[in-house]
Protein chains: 2
Amino acid sequence: MLSKTCEYAIKATLYLAQKAHQSERANVKTIAKAIDSPDAFTAKVLQQLVKHGIVTSVKGTNGGFFIEPQTLPNLTLLQIVVAIEGDGLVKDCVLGLKNCSNVNPCPMHDKYAPIRDNILNMLQSLLVNDLATQLEQNMIFLKSK
Amino acid sequence: MLSKTCEYAIKATLYLAQKAHQSERANVKTIAKAIDSPDAFTAKVLQQLVKHGIVTSVKGTNGGFFIEPQTLPNLTLLQIVVAIEGDGLVKDCVLGLKNCSNVNPCPMHDKYAPIRDNILNMLQSLLVNDLATQLEQNMIFLKSK
DNA sequence: GTTAATTAGGATAAAAATGTCTTATTTTGT
DNA sequence: ACAAAATAAGACATTTTTATCCTAATTAAC
Ligand code: FES
Ligand code: FES
């Protein structure tokens, strides 16, 4: 469904959103530990997020990653997913046909297209900021117990 | 969403279901052409389907692959998907947590779990036999125009 | 200024997915 | 029996994904 890269991207962003509520930043090692991901690979993912303007980085002592206060309020999971793996998940044919449409529907189109819309809707409606709040209240978790 | 292997498996099975309606079998080359997939790789996928009892093969001249009349009526896309890639798609946490449950929900669980149920439902309700009929009526297609 | 801490970037590696090729093996038709 | 046609199986190759490592660049603290 989602690539590992995308999973890490979402979790890292949510962790940083939580930190943002306390006006704190975090370094790679801390983030990787918090989301149970490999350090070096997580660093690469964070680089991608920086390039896409989703998170910001600061080098040097006491440096790290954080989310700008102005980007946080409207940031959705969709933006993260699209940044990392494009919009294939919410646009492409589930059976790999070149153009998904009612003109040349694949055998799954009729039942899948609405589900894909639900996925798009879910990703759009999941606000990073809201999820950060739920994380703080221990209602949701970024790693297995 | 689905692996290429799984895409080919579904398309190949549907093509054979169509053939089954005419009590015909088909060889790898014909199938691969019909579903727009690489011959050799498709052969491997068909081997997997044979091992899982979803299709049957006959060697030698006029041999090929077909679906047994008794397996066709109740065959669902879910059976194909599970045979090829297991039940992860309809069971696993979308963010890779080890146990998907309400006890330790990930940030997407509440909204994703119902969608995953929809996917399961879709795969269960899509009968290979019905889709074969729709293929014959040119209502649906196995490859892009 | 020097050192330590940190991200950035490039090179490399390992694993998995996808795809190809070659050689059995089996079956049918002649 | 023999030849042809087809799948089965194993080896091999390529590409993509996932992961690691090393060096450079930057920043802050002392
Ligand atoms: S054509 Fe396959 S999902 Fe639309
Ligand atoms: S815990 Fe992630 S989908 Fe259920």
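Atom set for the values below is all heavy atoms of this structure, side chains included, hydrogens, waters and symmetry mates excluded. Sequence lines set the chain letters: A, B, ... in the order given, protein chains first and strands last, and positions in each chain run from 1.
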Of Gly60(B) and Leu2(A), whose closest DNA chain D nucleotide lies nearer the 5' terminus? Gly60(B)
On DNA chain D, compare the nucleotides closest to Asn27(B) and Lys4(A); which residue's is nearer the 5' end? Asn27(B)
Rounding to an integer number of Å, can you tell me how far [X] [atom1] sits from [N] [atom2]?
X	N	atom1	atom2	result
Phe66(B)	dA6(D)	CZ	P	15 Å
Ile35(A)	dT18(D)	CD1	P	14 Å
Gln47(B)	dT20(C)	CD	C1'	14 Å

May I ask you to evaluate whether [X] reaches the phosphate of [N], defined as a side-chain N or O under 4.0 Å from OP1 or OP2?
X	N	result
Thr5(A)	dT18(D)	yes
Tyr8(B)	dT18(C)	no
Ser57(B)	dA6(D)	no
Asn62(A)	dA29(D)	yes

Just wondering, do Leu95(B) and Tyr112(B) contact through their side chains at under 4.5 Å, heavy atoms?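 Contact flag for Tyr112(B)/Leu95(B) side chains = no.
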Less than 3.5 Å apart, any donor N or O on the side chain of Gln124(B) or Thr76(B) sitting next to an acceptor on the other?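 No - no donor-acceptor pair under 3.5 Å links their side chains.
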Out of curiosity, does Ile10(B) fall in the hydrophobic cluster containing Ile140(B) (side-chain heavy atoms, cut-off under 4.5 Å, transitive links)? yes
Is there a path of hydrophobic side-chain contacts, each under 4.5 Å between heavy atoms of I/L/V/M/F/W/Y residues, joining Leu97(A) to Leu126(B)?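 No, it is not one cluster - the side chains of Leu126(B) and Leu97(A) are not joined through contacts under 4.5 Å.
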If you assign Lys44(A) and Val58(A) each to the DNA chain C nucleotide with the nearest heavy atom, which residue ends up on the more 5' nucleotide?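 Nearest-nucleotide comparison on DNA chain C picks Val58(A).
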Just call it for Lys29(A): base, sugar-phosphate, or nothing, with non-hydrogen atoms closer than 4.0 Å on any strand.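 The answer is nothing, as Lys29(A) stays clear of every strand by at least 4.0 Å.
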